Structure formats: C-alpha cells, structure tokens
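Below: the structure, in structure tokens.
Model, not experiment: these values are computed from the prediction. Quick note on labels: first sequence line is chain A, next is B, and so on, each numbered from 1.
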Amino acid sequence: MSENELSCREFVEIVTEYLEGGLTPAERVRFEEHLDGCDGCVNYLDQIRTSISLTGRVTTDDLTDETKVELLAAFRDWKRD
Amino acid sequence: MDNDASSYTPPPGEAVTVEALRRGDENVFSELVTEHSPAMLRVARMHVSSQAVADEVVQEAWLGVISGIDRFEGRASLKTWIFRIVANIAKTRGERERRSVPFSSVGGREGNAEAAVDGDRFLDAGRWAGHWTSAPSRWSELPEEQLVGGETVGVVEAAIAALPEVQRTVITLRDVEGWSSEDVRNALDLTETNQRVILHRARSKVRRALEGYLDGEQR
C-alpha cells in the first residue's frame, strides 16, 4: 500500500462526506480508487446505502388526531374573524 | 439564511399555497399540518423534555403560522419560516424548563471515541495496516424479505431511538423525512460541517446496529 492510498479505516470515516458531495475532487479520486480495489469497502458503502434506505421506511411521531382537529377549528375561527 | 435574501427564489407553487392560506383554505392548511408536523415535533423535542410538551409547542407554532401568515414576506421559504417559528417557541419553552440543549457538544466532547466502525475490525500493523480484519458482508445477497421486513426496520428504529438527541433529530429529518442538508442546517442552525459530522455518526451507528442484526442471523 503506497502512502497516499486510503486505508479502510479512513474510508469508513469519509463515506458520509463522499455521499454528501463534500470531498474535494482529489479526495474523491482517492476514495474511488480505494473502492476499485477493495471488496470490503464496496460492501461497506453498499451497507450504508441500504441502511439509509431502510431508515426511510421508519415512520415518525405525529400530532394526535385531537390536536389536528383543534388546529383546524382554530384555522376556521381565524378565517371568520 | 437572511444574507441570501436578495437572491432568494421561492419554491414553485409556494405563492399559491400562501395565497390559499390567507384565503382560509382548510384543505391546504390541513395538508401542511400533515406534511410538516412530524418533523416539527422532532425539532421541538430537542428543546423540551416530553412528547406532550412538544405537542403543545407544535400546536402553538401552527397558531403562530395562522396569525402570522398575512405578515409572511416570502424572504425565505414557507417551510423555513414555519420551522423558525417552531424552533423559537420550543427554545423559549425549553429555557423555561431549564433544560439546556447540548448543542455545544455537537462536534466536541463525544470526540474521536466515536469511530464509525469498531477499531478491532481493522489490522493495526504490517503492510495491510488499516485494512479490514473481517470485511463487511454483502447485504444484497440476503433474501429481500429479510432485508426489508418489519423486524429489520424495527432494528433501525431502535438504533435511532438510542442516539443522542441531536443525532436523532438530524438523521430523522434527513433520512426519515427526506430533507436536504440545507433545510436541516437552516432549521437547526448548524454549520455544514456540523451537520455532516452529526449525520455521519448517526448513520454509522444505524449501520452498525443493522450489521449486528443481519449478520448475526446469517451465522
């Protein structure tokens, strides 16, 4: 491994920057070169992507129906004023 | 936020929405409440101590939207404006509760202890130092129903619930609600770097939890 090659340990710490488009062009090249020769990191990146898409399936807390009804009533009242 | 006011262009359809609200269109109001309330609750929850109070904060924010819509000037998007209202109300409530928000710890304290992957997964010495000792497995080879099953999503949910508040909020807004990083930065008043560092930690932990579950089952 030459000195300016990325290690896997470093790779996993800049994955988010890569996905967010935060790497400089040179860093991006290093990242992608590492990816070309490392199956473990190919899998890691794939795991992160899978993980993000699974997170998209989580449902979030919402207001109670009661609160929503109250808000709609408040909106109606305001309109009347 | 305010410094880009001169170059700001509202999202398409926004003028129509604002006009409808001013006219008192209940459907448009109701749609907005449905669209934004989950994320508003998440933002409120960062500042106040209970879900019940967060609920009140969001309700109060919507009342603020109703009474303020005539004064909305469109210098930022409606969404940004709404989330500023909820954040302000939540902060005030939080201060009253004397519960300070640990925003200052965002990039600091937790420090380097939070590696994305356990250190013992990498070789420490030799020609291949820094390389995987045991490489991550290929999840795409798992049966589809296992990967997207309710139980797997439950693992993600539990991992998110266990995150520190700020990480939980950022990953929820980004990856559950699908917000852009810019919207998250505006709503939470974070720098680009902080937003990314927080997101990185949160995503890394969710992946780690999934690995424990998915690979554990395989073996």
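Here the straight-line distance linking atom CG of B:Leu214 with atom OG of A:Ser51 works out to 9.5 Å at 0.5 Å rounding. We find the CG-OG distance between A:Leu63 and B:Ser37 to be 4.0 Å, quoted to the nearest 0.5 Å.
Remark: A:Asp65 CG is loosely packed, at most 12 non-hydrogen atoms of other residues, nucleotides or ligands lying under 6.0 Å away.
Between chain A and the options B:Arg174, B:Glu56, B:Arg42, B:Arg23, heavy-atom pairs under 4.5 Å are most frequent for B:Arg174. Your options are A:Thr59, A:Ile48, A:Thr60, A:Thr55, and the one with the most heavy-atom pairs under 4.5 Å with chain B is A:Thr55. Note: A:Cys41 leads A:Cys38, A:Ser53, A:Cys41 in heavy-atom pairs under 4.5 Å with chain B.
The closest donor-acceptor contact from the side chain of B:Gln59 to the backbone of A:Leu71 lies at 3.5 Å or more, if one exists at all. The backbone N or O of A:Ile52 sits nowhere less than 3.5 Å from a side-chain atom of B:Asp175 that would complete a donor-acceptor pair.
Looking at A:Thr50, the atoms closer than 4.5 Å to chain B (heavy atoms on both sides) all sit in the side chain, from C-beta outward. Using a 4.5 Å cut-off between heavy atoms, B:Glu211 touches chain A through its side chain atoms alone. With a 4.5 Å cut-off on non-hydrogen atoms, B:Asp70 touches chain A through its side chain but not through its backbone. Contact of B:Ser140 with chain A is made through backbone and side chain together, with heavy-atom distances under 4.5 Å. At a 4.5 Å heavy-atom cutoff, the contact between B:Glu177 and chain A is made by side-chain atoms alone. Proximity to chain A involves both the backbone and the side chain of B:Val206, based on heavy atoms less than 4.5 angstrom apart. Only the backbone of B:Arg22 comes within contact range of chain A, judged by heavy atoms closer than 4.5 Å. Contact annotation for B:Arg121: neither backbone nor side-chain heavy atoms come within less than 4.5 Å of a heavy atom of chain A.
Across all their heavy atoms, B:Phe29 and A:Leu72 have their closest contact at CD2-CD1, 3.8 Å. In terms of heavy-atom proximity, B:Leu210 sits nearest to A:Leu54 at CD1-CD1, 3.8 Å. Shortest non-hydrogen contact noted between A:Ala74 and B:Ile66 is C-CD1, 4.3 Å. Residues A:Val58 and B:Val176 share a closest heavy-atom pair of O-CG1, 3.3 Å. Residue B:Leu123 comes nearest to A:Arg9 through the heavy atom pair O-NH2, 3.5 Å, listed as atom of the first residue, atom of the second, then distance. A:Gln47 and B:Trp139 make their closest contact through NE2-NE1, 3.1 Å (heavy atoms, listed as atom of the first residue, atom of the second, distance).
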Please determine whether side-chain contact (heavy atoms from CB on, under 4.5 Å) holds for the pair A:Phe75 and B:Leu21, giving the CA-CA distance in whole Å, both sets of side-chain angles, and the decisive distance to 0.1 Å.
CA-CA 9 Å; A:Phe75 186 71; B:Leu21 287 177; 4.3 Å; yes

side-chain contact (heavy atoms from CB on, under 4.5 Å) between A:Val15 and B:Arg203, worked out:
CA-CA 10 Å; A:Val15 152; B:Arg203 281 181 178 172; over 6 Å; no

Applying side-chain contact (heavy atoms from CB on, under 4.5 Å) to B:Arg45 and A:Asp61, what does each step give before you reach the verdict?
CA-CA 11 Å; B:Arg45 202 67 180 76; A:Asp61 294 329; over 6 Å; no

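Ion pairing between A:Glu13 and B:Arg201 fails under the 4.0 Å rule for side-chain N and carboxylate O. By the 4.0 Å N-to-carboxylate-O rule, B:Arg207 lies too far from A:Asp46 to be salt-bridged with it.
Side-chain contact check for A:Trp78 versus B:Ile69: some heavy-atom pair is nearer than 4.5 Å. Side-chain contact between B:Ser181 and A:Glu20 is present, with heavy atoms from C-beta onward closer than 4.5 Å. Residues A:Ile14 and B:His200 form no side-chain contact, since every pair of their non-hydrogen atoms from C-beta on lies 4.5 Å or further apart.
The side-chain hydrogen bond (donor to acceptor under 3.5 Å, both in side chains) check on A:Glu10 picks up A:Ser7, with sequence neighbours excluded.
Aromatic ring pairs are classed by plane angle as parallel below 30°, tilted from 30° to 60° and perpendicular above 60°; the pair A:Tyr44 and B:Trp132 is tilted.
Counted by atom type alone, B:Asp55 and A:Thr67 present one or more donor-acceptor pairs between their side chains at under 3.5 Å.
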